[in-house]
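What follows is a single structure, written as C-alpha cells, with notes after it.
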Amino acid sequence: MTETSKPRCFDATDLESARQALARVLPVAENDLPWRALAHAHQALGPSPAFSHSVGTALIVAELRLGADAVAAALLHGCIDDGAELEPVFGPAARLARGVAAMARIEALAASTTDKRIDPHAQLEALRQMVLAMVEDIRVVLVKLAERTHALRCAAAERFALEQRDAGEDAATREALGHQARELFAPLANRLGVWQIKWEMEDWAFRYLEPETYKSIAAQLDEKRADREAYIKAIIERLQSELALHGIEAEVTGRPKHIASIVNKMRRKRLSFEQLYDIRAVRVLVKHEIDCYTVLGLVHNLWQPIPGEFDDYISQPKSNDYRSLHTAVIGPEDRALEVQIRTFDMHRHAELGVAAHWRYKEGGRQDAQYEEKIAWLRRILEWKDDVADSSEFTEQFRTELFQDQVYVLTPQGRVIALDRGATPVDFAYAVHTDLGHRCRGAKVDGAMVPLNTVLDNGQRVEIVTVKEGAPSRDWLNPALGYLATHRARAKVRAWFRQRDVGEQVGVGRSLLDKELKRLGVGETNLEKLAQRLKFGKVDEFLAALGRGDVGQRDLVNALQDSGKAAPALLPTAKPRARPKSSNPVTIPGLGDVPLTLARCCKPQPPEAIVAYTTVGRGLTVHRADCASLKRANPARVMPAEWVLDAGAAFEVDIQLKAFDRQGLLRDVSDVIAKDRLDVLRVNTETRGEVAHMQLTVRVKELQQLSRLLARLQHVQNVIEVRRG
C-alpha cells in the first residue's frame, strides 16, 4: 500500500461480513460476548456507516488484545443512545461502552475554549490528564483511541459516519479530526505506549493538516510502505541469524519511520531529508552491557558505518539518564539504516523510568508523580499481552491512579486541575486570588450550588462575586467543608495575616469569647491556654487566632485538654464498674467511698474535678474551678477523677434561635444526622417570627460538639446556636 492509497476503513455493513472480519482477529473466539454485542449493534444501528464504524473500531481493539469486554464495548458504544438497558445483558462491557460514549464530551472541550489568554499547550495537557481522571477503567481510553483511529481512516475514504456531501465540509471535518488527533489523542497513545495507534494517528493528522508537505515527503521516500516494511523484516532476519551464530541472546525489533516522525525530526533538528539516517531503524535488546558492544561490532562488520553517526550513551548517559548505543550504517541496497543497541533494563528505564520517551518527545513541564502513574499504566498494558484472556486480570485495568484530582472548567472552557474534594471556593482561588476573595456564590453547570459543594470531573463552574470583598473566616473551619486545597487555605490565611496586628488581637478576642459562649465554657485562664497552643504571650495567641493561624479545631482541642468542657454533660455510657459500686468518680488511695455531686457547680465529665470533705455528708465532688472552693479549707480538698468507659457519650443541651420557616426542623435534623449523632429530645417554641429550639443530643467529645454547632450556625435562617 502506498503512502496515499485508500485507508484501511472497514466498510462492510452486513452482519455476516462483520462476524467474519472479527473472527479473523479475535483472540477470544470461544467467548460469545462479542458476537452478542455484534448482533445487538446491527439490530440497533442497521446496515449503516455507524455500524461499520463500530465494527472497524472493534477490529482495532481486538488487535490490541484488550479482551472480550473491550471488543464488545467497541461494538456497543454507538448504541448507548438507543434507550436500551445494556447492563443486564452485557455487564462490564456495557459500562465500558458508556464510558467511551461519555468521552465524546472531551472532543467538544478540546475545541470549545474561547479565552485567547489561555495557554493552549497547558490547556491540552490538562485535557489529557482529565481524560485519564474521568475513567475508572483504562480500557475506556484505549477503546476511544481505537474509535478515533478508525474515524481518521474513514474520513480519508470519505466514508466517515457524518458522510458530508459538500467537499468543503469534508475538508473541514478532516481538519478538525487532524487537530484533535495531533493535539489530544496521539499524545495520550504515546504516553500509554500504544505505539501502533500513536504512529497511525500522527500520520493521518499530518496528512489532513499539511497535505502538500505530506505528499512531498512521501515522494522523497520513493518506495511503498509495504516495501519498506519488507526491507526492515529482512534486516531483522539477517541480524537474528548473525547473533545466533555468535551465541548472543537478543531481541531484535524494527519499523520504518512514519512520515510524521520524519518531518518532526527534520524540524526539531533543522535537518534536510538527505541528512536523516533513521528513516529505517532497528533496535537490539540484550541481557548484559558487555553484549551491547559485541553487537555493535557485529553490526559494523555487516554494514559500513556512516562517519560521525555513532553515539555512546552507555558510557556517557544523557542528562535524563537515558542509556543506549546509536549507530547509522549503509545497509543493503545502499540505504541508510539506524541501529539502537541497549540492555533490557536500559530499555525498561527508557520507556518507563525517568527517561520516559513520551516526555522527551512532547516536552513540557516535568511532573515526577504524574510520570510515575503513566509508567504504572504502561506496565499494566505490557502485562496484558500475556494474560489479557484471564478474567482475574481485567480488574488490573480498573485504576484509581488519577482519582486524586478532579478537572473542572471555567465558563470560557479553561481546564482547572484541583485536589479531589475541592469546592467552588477552591476553584475560585485556583483561577485567581482576587476572585477567591470576592467569591460569594457559585453556579455548577448553570445551577446555583452551596459554596461547600464538592466538585466532580468535567463540571463547568462559574463564580458569583461582589465588586469588593474579603474571605469569610468560616472558610477556614474544616467542619464546614468550604476549602479542601492547601493552596486556597493558605491564601485565605495570608489575607487575614496582612491585617493590622491590633485588629487581629481584637478579632481573636471576639472569636474566643464567641466560641467559649457557644460551647458553654466558663472562666478560662488565657495564659495557660496560650501556652498550651505554644504561644509565649496572650496577645500573640489572640492575634494568631484573629488571622486564622489557630483554627477552631486547635482551639477546641486546647480547651478539651485543659478540662474546660461544657457544664451540662451527663454521662450516658456506663461507668467503668468497680465491685459493688456505681460511682462515676474515684478518689485515688481511698477505694470505694460514698460520693455526692455538688449542686453549686454541677460537675460533669470530662471536666477537671476535686473532692471536698464536708462535715456530716462525706465527700462532695466539685469542679476544679468551682467558686465556692475558693473560700473552703484547702486541707480538705483531695484529687478526684472520672472513671468512664472509653468512648463514653454525654448528653448535651443545645439552644437554637432562628427565623421561623417551613422545613427548619428538617434541615436541623439533617445536619445532626450527617454527623451520626443521637437526638434524645427536641422542643420547639415559636414567638412571633422567631423559633426557639431546644435539643438534647449525645456526643463523645468537645470537638464533635464544636463541629455540630458550627454546622447548625450555617443552616438557613439560623440566628444563633449555642450550648444550653
Side-chain angles (χ1 to χ4, degrees), residues 73 77 80-81 87 92 94-115 118 122-141 143-144 184 188 367 369-370 373 377 397-432 435-436 439-465 475 478-489 670 674 711 714:
H77 82 275
I80 294 301
D81 294 331
E87 280 79 358
R95 289 192 290 273
L96 290 175
R98 292 196 186 279
V100 175
M103 284 185 64
R105 186 177 182 187
I106 297 294
E107 301 170 37
L109 292 177
S112 66
T113 303
T114 59
D115 191 341
I118 298 174
Q123 170 77 357
L124 287 167
E125 176 59 24
L127 278 171
R128 295 172 199 136
Q129 295 187 22
M130 184 177 177
V131 168
L132 297 176
M134 285 182 67
V135 299
E136 294 181 354
D137 192 314
I138 195 62
R139 288 175 296 178
V140 169
V141 179
V143 175
K144 184 63 181 179
L184 183 60
L188 268 176
D367 185 341
Q369 186 178 16
Y370 179 73
K373 293 175 181 179
L377 283 181
F397 286 114
R398 298 181 62 83
T399 175
E400 295 183 357
L401 290 175
F402 300 91
Q403 302 303 311
D404 55 347
Q405 286 195 310
V406 294
Y407 296 84
V408 295
L409 307 164
T410 67
Q412 297 77 29
R414 175 185 171 192
V415 179
I416 303 294
L418 299 167
D419 292 342
R420 174 69 62 178
T423 67
V425 184
D426 291 301
F427 169 85
Y429 277 106
V431 174
H432 196 281
L435 183 67
C439 172
R440 290 298 177 271
K443 293 181 181 179
V444 173
D445 292 333
M448 290 295 297
V449 298
L451 286 177
N452 56 0
T453 301
V454 176
L455 300 176
D456 203 358
N457 278 311
Q459 292 179 326
R460 194 175 294 268
V461 184
E462 181 181 354
I463 299 299
V464 179
T465 62
W475 294 352
L480 301 178
Y482 285 107
L483 293 174
T485 63
H486 296 295
R487 179 184 179 188
R489 195 175 293 113
D670 286 345
K674 285 181 180 178
R711 290 178 177 175
H714 283 74

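Worth saying up front: this structure is predicted, and the values here are computed from it rather than measured.
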Could you walk me through whether L455 and R420 satisfy the side chain to side chain contact (heavy atoms under 4.5 Å, CB included) test, starting with their C-alpha distance in whole Å, then the side-chain angles of each, then the deciding distance to 0.1 Å, before giving a yes or no?
CA-CA 8 Å; L455 300 176; R420 174 69 62 178; over 6 Å; no

Can you name the closest pair of heavy atoms from G421 and V454 and give their distance?
CA-CG1, 3.8 Å

Sequence neighbours excluded, the answer for ring pair (Phe, Tyr, Trp, His ring centres under 6.0 Å) partners of Y429 is H437

Distance-only, no hydrogens or angles: does the R440 side chain make a donor-acceptor pair with backbone N or O of V464 under 3.5 Å?
no

Of all heavy-atom pairs between L96 and A73, which one has the smallest distance, and what is that distance?
CB-CB, 3.6 Å

Just so I know, are the side chains of H77 and K144 near enough to count as touching, which here means a heavy-atom distance under 4.5 Å?
no

Looking at every heavy atom in both L418 and A430, which two are closest together, and how far apart are they?
CD2-CB, 3.6 Å

If you look at every heavy atom in V449 and V444, which pair is closest and at what distance?
CG2-CG2, 3.6 Å

Measuring from atom CD of Q459 to atom NZ of K443, what distance do you get when rounded to the nearest 0.5 angstrom?
15.5 Å

With a 3.5 Å cut-off and sequence neighbours excluded, list the donor-acceptor pairs that the side chains of residues 479-487 form with protein atoms.
from: T485; atom 1: OG1; to: D426; atom 2: OD1; distance (Å): 2.7
from: T485; atom 1: OG1; to: A488; atom 2: N; distance (Å): 3.4

Which value, rounded to the nearest 0.5 Å, describes the distance between F427 atom CZ and L409 atom CG?
8.0 Å

For H432, check side-chain hydrogen bond (donor to acceptor under 3.5 Å, both in side chains) against everything at least two apart and list the hits.
none

Would you say that T410 contacts I416 through its side chain, given a criterion of any heavy-atom pair below 4.5 Å between the two side chains?
yes

